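One structure below.
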Amino acid sequence: MAVEILLSQVREDRDISQDQLARMIEQSRTNIQSIERGRAKSITFATLGKLCTALNCQPGDLLRYIPDESETSDRFQ
């Protein structure tokens with residue numbers, strides 16, 4: 001199972017820079033970059049909520065679930 005982070009796409013669609021978003025949610029730009037690159041080990045619900053508020057979106061707009069091939073094939077057997 002994998003979760004794809006769509007933060008950069010949503011942020012760019014709203015014409016917000018990493019620096020602006022970082023200030024809006026009181027995080028560092030480095031932290032925003034880590035999240036966008038999928039390098040963050042975790043994202044708290046508090047941070048996810050702040051991102052959704054700042055970007056006027058839902059959590060599902062920022063995250064996409066990608067099932068493993070084995071998970072997909074197991075469902076159809």
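Remember, predicted model here, so these are calculated numbers, not experimental data.
Side chain of Q20 to main chain of S17: a donor-acceptor pair is present (N/O by atom type, distance under 3.5 Å, no hydrogens or angles). Looking at R14, its side chain does come within 3.5 Å of a backbone N or O of L55 through a donor-acceptor pair.
With sequence neighbours left out, the side-chain contact (heavy atoms from CB on, under 4.5 Å) criterion links R37 to Q33, R39. Applying the side-chain contact (heavy atoms from CB on, under 4.5 Å) rule to E12 yields the partners S8; only residues at least two apart in sequence or on another chain are considered.
To the nearest 0.5 angstrom, E4 atom CD is 5.0 Å from L6 atom CG. The distance from the OG atom of S34 to the CG atom of L7 is 11.0 Å, given to the nearest 0.5 Å. Between the CZ atom of R11 and the CG atom of L62 there is a distance of 11.5 Å, given to the nearest 0.5 Å. Taking CD from E36 and CD from Q18, the interatomic distance works out to 4.5 Å, rounded to the nearest 0.5 Å. For the atom pair CD1 (I32) and OG1 (T47), the distance works out to 8.5 Å, reported to the nearest 0.5 Å.
Taking 4.5 Å as the limit, every side-chain heavy atom of L51 sits out of range of all side-chain heavy atoms of V10. In this structure the side chain of I25 never reaches within 4.5 angstrom of the side chain of N31, judged on heavy atoms. At least one side-chain heavy atom of I16 sits less than 4.5 Å from a side-chain heavy atom of M24.
Residues G38 and I5 approach most closely at CA-CG1, 4.5 Å, considering heavy atoms.
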